[in-house]
Each structure stands twice: as C-alpha cells, then as structure tokens.
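Beneath this line is the structure, given in structure tokens, with notes to follow.
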Amino acid sequence: MTKIFETPLYPYRRVADQDAATPARHPVVVLGAGPVGLAAAIDLAQAGVPVVVLDENDKVSWGSRAICFAKRPLEILDRLGCGDAMVDKGVLWNVGKVFFGDRKVYDFNLLPERGHKRPAFINLQQYYLEEYLVDRVRELEAEGKPIELRGGNKVIAIDQQPAGVRLAVETPEGPYSLDADWLIACDGAGSPTRAMLGLDFLGRVFEDNFLIADVVMKADFPTERWFWFDPPFNKGQSALLHKQPDDVWRIDLQLGWDIDREAEKDPARIAPKLKAMLGEDTAYELEWVSIYTFQCRRMERFRHGRVIFAGDAAHQVSPFGARGANSGFQDTDNLIWKLKLVLDGLAPDSLLDSYDTERVFAADENILNSSRSTDFITPKSHASRVFRDAVLDLAEHHAFARPLVNSGRLSLPAIYDGSPLNGPDAAELPTRTRPGAPASDAPVGDGWLLDRLGGSFQLLTLDAEAPDRLDIDGIAVTRLALSAGDDPSGALAARYLGEAKSAVYLMRPDQHVAARWTTFDADAVAQAVRTATGQA
C-alpha cells in the first residue's frame, strides 16, 4: 500500500510563468490538489475555462482519510468522468447496524427503493479517489483542455486587488508571482489561504478524541456500517467498523478527552484495543493511524471578493455522517457553473453571492446534524446519557424510537429551499423534485436520467411539448424530451409527475431543479432562467 503514498503524481517542473517579466494572469487558480480542488479544476476544464491548480505537495494524501462517498457526490463524479472508477473499486453498501453493548438494536437500509444508477454509499480510500482525479486531469490535458496541475508550488502570500488576486508562490527553484481573476481556496481545514486573509471559523470544538485505525486483515464481516454504543471492548465509549477495498478495515474508537494523543497512536497501545474488538487470534497489520477531535465549524462567509472557499477550507464537521468530502464536492458543483457564466459575461458578478447563500445553508444543515450526532454519541451530562441509553433500549423493540438514535446522520444532498435562484413551482408535482432539490435519478430506456442531464441549463419535459432549444440572453437551454412510458418501472413518473399528466422542469447545470410547471410557457421559462442566473 505504501507505494501509492510515495509515488509523485504531479512532480514539480519549471513553467513559463516563472520566467515571465511580469506576472502571468490566469482566469482561475485553485489552491489545493485534494479531492475538492481537483474536482473544481476538472469541472472548469470540461467547461473550457483555463485553470491552474497549485499545491506544495506532489502525492496523494497519506492514509485513507475520507472513505464514505454518498450517492449524490458519486453522481457528480460521473459528470466529472470518475464515477465508474470509484464504484468499480469501491465497496458498495446500503445497510447499517446499530449495537448497544453486545446487543444489536436495529438495522437500516439507506436506499430501500430501486431505480437509481448509484448506491447509497461506497467505501473507498481517499488516496484512490485522488489518483483517479489526477488520471482525469491527465486525460483532459491529452484532449487539449486548459488545465494545469503544478506540484511543489506553495502559495506564501495573497494580495486581493479590485479585479483579481496576486499570488506569491514558492518553488524548489525560487519564488515567482502570478495573477488570477478568481482564486478558489480548497486547501483544507488548516487553510493557509484563510490564515493569510486573516479569516477564521465560527462554531464548536467538542471535548473528545477518536482513534482512526486502518487495519489490513482477512475478516468475514459483511459490507455494512456497524456502530456500537458502549461496546464491551470499549466500555463507556463508542466504536465504528467499515470495510474498504484491499482487505482494509476502518475502525474508529472513542478515547475520551484527557489523553496523550501521541501515546495513543503507539501500535503497542493500540494492539490491546484491537484484540479486544477483533479477538485475540485475529491477525492484522496497521496501515494508518490518526487521532481526531470533533469540530463543527464554518467560515462566516465563503466568498471574500475574488477569493472563494470550498470544502474543508470553508467548513468542518465531525467524521461520523460522512459529510466532509461529500459536501465539498457539492460546493464545487454549485460554484463552477456560476463562475463560468460570470467569466463569459452572461451573468452578473453577484450570481456568486448565491454560492455563499446556498452553500452556507448546506453547511449549517450539515453542522446541525453533525452536532446532534456528536451530542448523542458523546453525552456530556448524566441526564443526556440516561436519555440516550433509554432511546437505545426502546429502539431494540419499538420502531418509533429508532429515528431518535443518532450514530451519525449520514450525508444527504442539500435542498436549496428559499434560494434566490428558485423560480415557480407547480404544487401538484412531487415534493421530492421541487425547486432547489437535486434531480432524482430514474431509469430511462436502457440508461439513466442523470446521465442524460449534462452540465448546462436544460428543459426536462415529460409528456409535454416545448422547443428543442431556447436562447435566453445568450444562455442556451436544450430540451430533454421524455415520456412516462420511457420507464416501465414507474419510477420516472413517480418522481417527476405524481398525479399530473405532464411536466416541464428547468434544470440548472448542477442538476438541481430551478423551476417547474405542468405545461410549457416560453415567457415563464425565460424569466426563470434570468432568476436562476441572478439577473431577475
């Protein structure tokens, strides 16, 4: 496994910008070649926007780090050209089990309905994801797309200017400067960009520590998420078990607050804990160990002039619930189409304020759910522990108590209810596909609906007439014409028609619903496009 950590994927090389008499200028610079930064750059390059990615590193992240990737981010990765590689390598799972002590309290299925291309979740080590994303960058370069990945380039200073940003960059061969119209900061939870701009997080740091151990072993455990409250092998604390590819298992063990973090990472200290959990005779090898503290925090705003923050640089949540990387992909999915329209002069600069509005809303939703999970997993008073244990006891026998059990509410996409970009709604259409909601996948012919929705504005019509193409203030809107009969399973009709006979959906480039009607109206659609692009 160590080979992937040690092999430079984007080694430093000298570029023309370092020899320029005056700083070279680029439309977009992305800081950070982690999953979120690479996703942003790929999305830009696919849209034809020149982009440079800077990172002081040149390899994948050490250790598995983020491992749980949810259905919606997988759908985004499909559009970026990496979804198949992820799912082919990953461990697919839909079922989770909750234990209290040595008893199974209940289990749950995260995707009980059929008619979706992607599963509820896959487990895959982050280093594989980063490798696939870099492979995709290389594919785009080979196609002549305007994308450049520079390893060994450390940004040491940022100067905001009225029409852009000037960066001071340090390399193995000395410093240089370059300018960007827009800077996207995807440089992680410890974001140097945030520090250089004098910005900070708001929120909570929870007084508890958790050990992450990636363990290589042969085991017969099923491909499910197992979570224990107060297990016999970690009394008074919690534990989590997940399967990853290559016989690697993720184990999380709650340690408490008053610990020696470095001492707890000693393999000799970890061994008794793992033996107690897995059995004395279980042979294993430690691949990676880390200790983390729950943090539920975000920046007050994600946009600061020409600098825009995404991923962990903008917000942090506790790992239980798989909300970190998954929400980061949804950040860039929300941002890039808006930035493209602004760069093309088809939308006002103020459209980017809707990125802040929508993704701060999503971050607050994640932080709320993550904080509630943390409070349930780590009760800080006798009364809260008594309540939690009573809920767990009830949940074993009574279904009404199970929604109260919170072992980490798992990641779901945000629905932008109340967004300033939302247009008209037709109340008789299904609630799940209302304006602000992400498109729900469904079978269509011999394929899938989301594969037919691209990265542009589209009219999705079901048994309704409409033009095949509209041009609204320079913005092209193409039509995807479908009928309820295209899906004999009935999922398409259930998700997009309900009791209505026909429907017309205006889909945003990020596959969220912008507006919908039961029949086509040219003036209404034009107005909805203007609203969705910040021009109304």
Side-chain angles (χ1 to χ4, degrees), residues 14-34 36-56 137 145-171 174-188 191-199 299-311 313-314 331-332 334-357 359 474 533-535:
R14 192 171 186 87
V15 296
D17 288 359
Q18 291 169 259
D19 300 314
T22 59
R25 191 172 192 92
H26 299 273
V28 183
V29 170
V30 173
L31 295 192
V36 176
L38 291 172
I42 290 167
D43 209 352
L44 286 162
Q46 288 185 164
V49 177
V51 57
V52 174
V53 184
L54 305 179
D55 198 307
E56 61 181 299
V137 169
K145 296 293 187 183
I147 186 169
E148 186 179 351
L149 177 53
R150 300 181 186 175
N153 278 242
K154 180 181 179 179
V155 174
I156 56 174
I158 298 173
D159 178 23
Q160 281 250 46
Q161 300 175 350
V165 182
R166 175 157 295 179
L167 306 175
V169 185
E170 192 174 73
T171 76
Y176 72 103
S177 296
L178 79 164
D179 292 342
D181 295 338
W182 296 92
L183 178 68
I184 305 176
C186 306
D187 48 353
S191 174
T193 305
R194 204 174 57 239
M196 283 184 272
L197 295 181
L199 303 170
M299 297 178 68
E300 185 174 5
R301 291 180 292 113
F302 297 170
R303 179 191 176 188
H304 291 264
R306 292 290 182 122
V307 181
I308 303 171
F309 291 82
D331 287 346
T332 63
N334 184 288
L335 171 62
I336 298 308
W337 68 270
K338 298 174 181 177
L339 186 55
K340 161 76 171 169
L341 287 173
V342 171
L343 285 165
D344 288 347
L346 296 175
D349 173 283
S350 58
L351 176 62
L352 296 172
D353 293 333
S354 72
Y355 166 75
D356 196 84
T357 300
R359 293 312 298 167
T533 54
Q535 300 180 79

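All figures in this text were calculated on a predicted structure; none of them were measured in a lab. One-based numbering along the sequence shown.
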Which atoms form the tightest heavy-atom contact between [X] and [Y], and what is the distance?
| X | Y | value |
| --- | --- | --- |
| Ala163 | Arg25 | O-NH2, 2.6 Å |
| Lys338 | Ser354 | NZ-OG, 3.0 Å |
| Ala168 | Ser177 | CA-OG, 4.5 Å |
| Val49 | Pro27 | CG1-CB, 4.5 Å |
| Ala313 | Arg194 | O-NH1, 2.9 Å |
| Ala47 | Lys340 | O-NZ, 3.0 Å |

Leu44, Val307, Val53, Asp331 screened by side-chain contact (heavy atoms from CB on, under 4.5 Å) with Ile184, the one that passes: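 That would be Leu44; it is the only one of Leu44, Val307, Val53, Asp331 passing the side-chain contact (heavy atoms from CB on, under 4.5 Å) with Ile184.
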side-chain contact (heavy atoms from CB on, under 4.5 Å) partner of Leu54, chosen from Asn153, Val30, Leu149: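 Of all the options given, the one that passes is Asn153.
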Pair Arg14-Asp19, side-chain contact (heavy atoms from CB on, under 4.5 Å): steps then yes or no: CA-CA 9 Å; Arg14 192 171 186 87; Asp19 300 314; 2.7 Å; yes
Salt-bridge contact Arg303-Asp349 (side-chain N to carboxylate O under 4.0 Å):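 A salt bridge is present here (some side-chain N lies under 4.0 Å from a carboxylate O).
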Please round to the nearest 0.5 Å and tell me the distance separating atom [atom1] of [X] and atom [atom2] of [Y].
| X | Y | atom1 | atom2 | answer |
| --- | --- | --- | --- | --- |
| Leu38 | Asp43 | CG | CG | 12.5 Å |
| Asn334 | Arg359 | CG | CZ | 6.0 Å |
| Asp179 | Arg306 | CG | CZ | 11.5 Å |
| Leu335 | Ile308 | CG | CD1 | 5.0 Å |
| Thr22 | Asp17 | OG1 | CG | 10.0 Å |
| Tyr355 | Leu339 | OH | CG | 11.0 Å |

Min side-chain heavy-atom separation [X]-[Y] under 4.5 Å:
| X | Y | result |
| --- | --- | --- |
| Pro50 | His26 | no |
| Val169 | Gln18 | no |
| Pro192 | Val155 | no |
| Leu178 | Arg150 | yes |
| Gln46 | Ile336 | no |
| Val28 | Asp181 | no |
| Leu346 | Thr533 | no |

Under 3.5 Å: donor-acceptor pair, side chain of Asp55, backbone of Gly151: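 No; judged by distance alone, with no hydrogens or angles, the pair does not exist.
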Main-chain N/O of Thr193 paired to Asp187 side chain as donor or acceptor, under 3.5 Å: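 Flag set: sc Asp187 to bb Thr193 pair under 3.5 Å.
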Mutual orientation of the aromatic rings belonging to His304 and Phe309 [parallel < 30°, tilted 30-60°, perpendicular > 60°]: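 Judged by the thresholds at 30° and 60°, the geometry between His304 and Phe309 is perpendicular.
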Within 6.0 angstrom of Glu300 CD, more than 12 heavy atoms from elsewhere: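 No - once you tally the heavy atoms of other residues, nucleotides and ligands closer than 6.0 Å, there are 12 at most.
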